[in-house]
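Below you'll find the structure, written out as structure tokens, and then a few comments.
Proteins get letters first, then strands, A, B, ... in listed order; numbering begins at 1 in each. Scope of the values below: all heavy atoms of this structure, side chains included, with no hydrogens, waters or symmetry mates.
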There are 2 protein chains.
Amino acid sequence: MMKERTLHHDLDAREMTRLRAFQCIREAGQISRTDIAKALNSSPATVTSACGALLEAGLIRDVEAERTDATQRGRPRVMLEVNGEALAVAGIKVARHAIHVTVVDFKGVEIGSHLSPLAASCMPAEALVMAVRQALDDACEKLGLSLDAVAGVALGLPGFINGETGFMHWSSSVRERNVDFMPLFARHLPCPAFLENDANLVAKAEQFFGAGRGLRNFLVVTIEHGVGMGIVQDGQLYRGERGCGAEFGHMKVQFEGAVCQCGQRGCLEAYVGDYALIRDASVGRQGDAYKSLTDILDAARAGDRLSGEVLERASKVLGVALASLVNLFDPEHIVIARLRPRFDEAHTQAMLDALKRNTVQVDAPLPGITVRNLDQKMWARGAAAHGIERVSILKIRARGDQDAA
Amino acid sequence: MMKERTLHHDLDAREMTRLRAFQCIREAGQISRTDIAKALNSSPATVTSACGALLEAGLIRDVEAERTDATQRGRPRVMLEVNGEALAVAGIKVARHAIHVTVVDFKGVEIGSHLSPLAASCMPAEALVMAVRQALDDACEKLGLSLDAVAGVALGLPGFINGETGFMHWSSSVRERNVDFMPLFARHLPCPAFLENDANLVAKAEQFFGAGRGLRNFLVVTIEHGVGMGIVQDGQLYRGERGCGAEFGHMKVQFEGAVCQCGQRGCLEAYVGDYALIRDASVGRQGDAYKSLTDILDAARAGDRLSGEVLERASKVLGVALASLVNLFDPEHIVIARLRPRFDEAHTQAMLDALKRNTVQVDAPLPGITVRNLDQKMWARGAAAHGIERVSILKIRARGDQDAA
DNA sequence: ATTTATTTTTTTGCCCGCTGAAAAAAAGCT
DNA sequence: AGCTTTTTTTCAGCGGGCAAAAAAATAAAT
């Protein structure tokens, strides 16, 4: 059996129809069968049968008919929605000093969260997996939940992760390189496990809950210590050939430019990543270097020239790099998510200006831009979203097996 | 009817199977039914019926059984191939000073070519279409071919062309902006017409005849006056949301860098495009500026310092930009095609070194790289390839209609 | 209250492509 | 000639999707 490129492999035609119907329902929140038929471009009969299977499986349910104000004649439509109580899914993100766990219901509504401190920011794979398992157990206990009630766990790691194969090429949180992480992880869990690159998780979060709803072709850029990106094309994460593309942070913005933490020169990250700003703004302040971005922002607001210039320059460089992305990908939308300190409006504006000025002009509207603050919970939420998606595929496939039996 | 994203719309399941079989045969050159079944992952019965339809339509034919040396028992396999004589297709490329026409048979074998000089490098759309039609007529006459024998014409234009809709946002060859070019073009032709961005055509040529055969995920970069790119993902041209992405030439490689012909700063084109090299190498030679890249190459070989440095720098910048591409797209393969003057091995090597040094390291093999000289005929050949693809879709759909009748 | 109109949903029967199995075809080998 | 091997074709059956019809549920009209 050859290795398939999509995650929808081994779903037959009928299961694909069910999955599409399910995803349509999830995306819409609430939707009637007729509208699903329109959205899927298929017949009502097909939708009825697909939804019948989903209802029987308990994955969706019909919702109490809301009294519509618009006085409608005819048989009232029955709205369908994802049955939140059907399943619980855990999303886990490994950060530098903590493991974030969030447990959501099948609709993506948060049941609860938990944060486990992490002793070391980099440890052996085996130890990390144990720590993750412990964090999950703690979270379940805190929420009064049995681990058996969790239908799937999705884990997000920084670094070069092939989400399709579950192979970890490199991660800043793991001592070893080239670990076949997925089996290791799955061995310590009583339920299906999924692995994904952390920037891709933010993309998933946007697709499920944010600016990416209903879009099929968008980019999500994350800016924190480093710079990451998730690419959604045709509604699916684009992973590249080896499963580790989308390294926007290491796109070169300056020939023979500043040194990046990856050892190369001119990477975007070396101009707009947190560590780069701290480095640049601290020049000439030996012994009194800034500790965090917040310090720099405060200094700039207090009138410090260098800090202001560093921030302005970073904004412009980021805008130019984003313009390159637009020129290359021509996406429908871009989400720019920056962690922690809320930037001044002026910086955002400088970034957007640079973006606009450096985009190839086509007399067609620019892609939509969303600038948002990225909070720590987004990753775990994205992991949960990813988990929901993967588990729903499993559940729909499982139904098929039962039918056959 | 909503606008579909793929070119395979309105092909039903059976037609899709036929198309896939046809494409498999075209890609393989010669292949037996059993091997097609393996390649398409479907049953021999299905392949027989699909090929039956294709045979009946005359699109393919079975080839005289080649005596295999390996003494094989059993019923000898019947090899199928595209029936070259089935149809003729014309590929046309509008260049700055000429219109290239190439007519190929359905297998892509060149029947003949023609080159019509073009008075002006930029003219009104209407006039350009007339000139193209004239060039096509001339080519047919020269080849002793009736225009009726041409089943389709594919036209390549430089600029921002939406190949899907046939809309021209901007082209250096056309006076007006935002012309709905396709209908205009089709009105002057007795056969189906197709339009495409010229860099995408080179990608098509590589996919059909070159390094892209059998690959589903590769990039083709063209370097001439400007720099272009074609993106093939999952076997299809990636066009972006507005149909005019892949502007590699306007990816920014230097913050506030050299001025590009597009008016912006720091574009790759402004460092490696022909005009940029001529500009840079001619500094300080007022009245004695270089006229062409060849001059610069000659000067460098003769020991001119500046020319050598300009070439070396361009090679390095290109390598770095390509590394950014790899980091973003993680493709299976990259084809780098440079027009006209064959560069010295040293420059190619400098480019590849820079590419390698600036690629994010993953302990996984780098994408394959093909460096080739791009000759003028590639565009027209690519246009022809594009035409073949589009015409085969039309023909397969047409069969369906006949069946229905 | 009953009927009519309207809209959504379900049921039913049919069509059609794909498939597996078996048959047929076309060789080579003995 | 008979057996083996491999490819190709035939054929019956399965199963998904769809159009049409039926059913259901309501508003408006009489």
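With sequence neighbours excluded, the residues satisfying side chain to side chain contact (heavy atoms under 4.5 Å, CB included) with L40(A) are R20(A), A21(A), C24(A), I36(A), S42(A). Under the rule for a salt bridge (Lys or Arg N to Asp or Glu O under 4.0 Å), the partners of R242(B) that lie at least two apart in sequence or sit in another chain are D330(A). Residues forming a ring pair (Phe, Tyr, Trp, His ring centres under 6.0 Å) with F167(B) (at least two apart in sequence, or on another chain): H169(B). Residues meeting the side chain to side chain contact (heavy atoms under 4.5 Å, CB included) test with A90(A), sequence neighbours left out: V103(A), L136(A), V150(A), V153(A). The salt bridge (Lys or Arg N to Asp or Glu O under 4.0 Å) search around D35(B) returns K38(B), R77(B), not counting sequence neighbours.
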>> Can you build the contact string for nucleotides 16-21 of chain C? Use B for base contact, S for sugar-phosphate-only contact, and - for no protein heavy atom under 4.0 Å.
In response: -SSBB-
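Atom C1' of nucleotide dT8(D) and atom CG of L80(B) are separated by 11 Å, given to the nearest angstrom. A straight line from CG of L19(A) to P of dG16(D) spans 15 Å, rounded to a whole angstrom. In this structure, NZ of K38(A) is placed 10 Å from P of dT9(C), rounded to the nearest angstrom. Straight-line distance from the CD atom of E15(A) to the P atom of dG15(D): 13 Å, rounded to whole Å. Between R33(A) atom CZ and dT7(C) atom P there is a gap of 19 Å when expressed in whole angstrom units.
Counting any heavy atom pair closer than 4.0 Å across all strands shown, V78(B) reaches sugar-phosphate atoms only and no base atom.
Note on E27(B) versus R213(B): no salt bridge recorded, every NZ/NE/NH1/NH2 to OD/OE distance being 4.0 Å or above.
At dT8(C), none of the side-chain N or O atoms of S32(A) fall inside 4.0 Å of OP1 or OP2 (strictly under the cut-off). When the side-chain nitrogen and oxygen atoms of T34(A) are compared with OP1 and OP2 of dT9(C), one or more of them lie within a distance under 4.0 Å. Proximity of R77(A) to the phosphate of dT26(D): no side-chain N or O atom is located under 4.0 Å from OP1 or OP2. The phosphate of dT26(D) has neither OP1 nor OP2 within less than 4.0 Å of any side-chain N or O from R73(A).
For the pair R75(B) and T48(B), nearest-nucleotide mapping onto DNA chain D gives the more 5' position to R75(B).
With hydrogens and angles left out, the side-chain atoms of N217(B) and E241(A) include a donor and acceptor closer than 3.5 Å.
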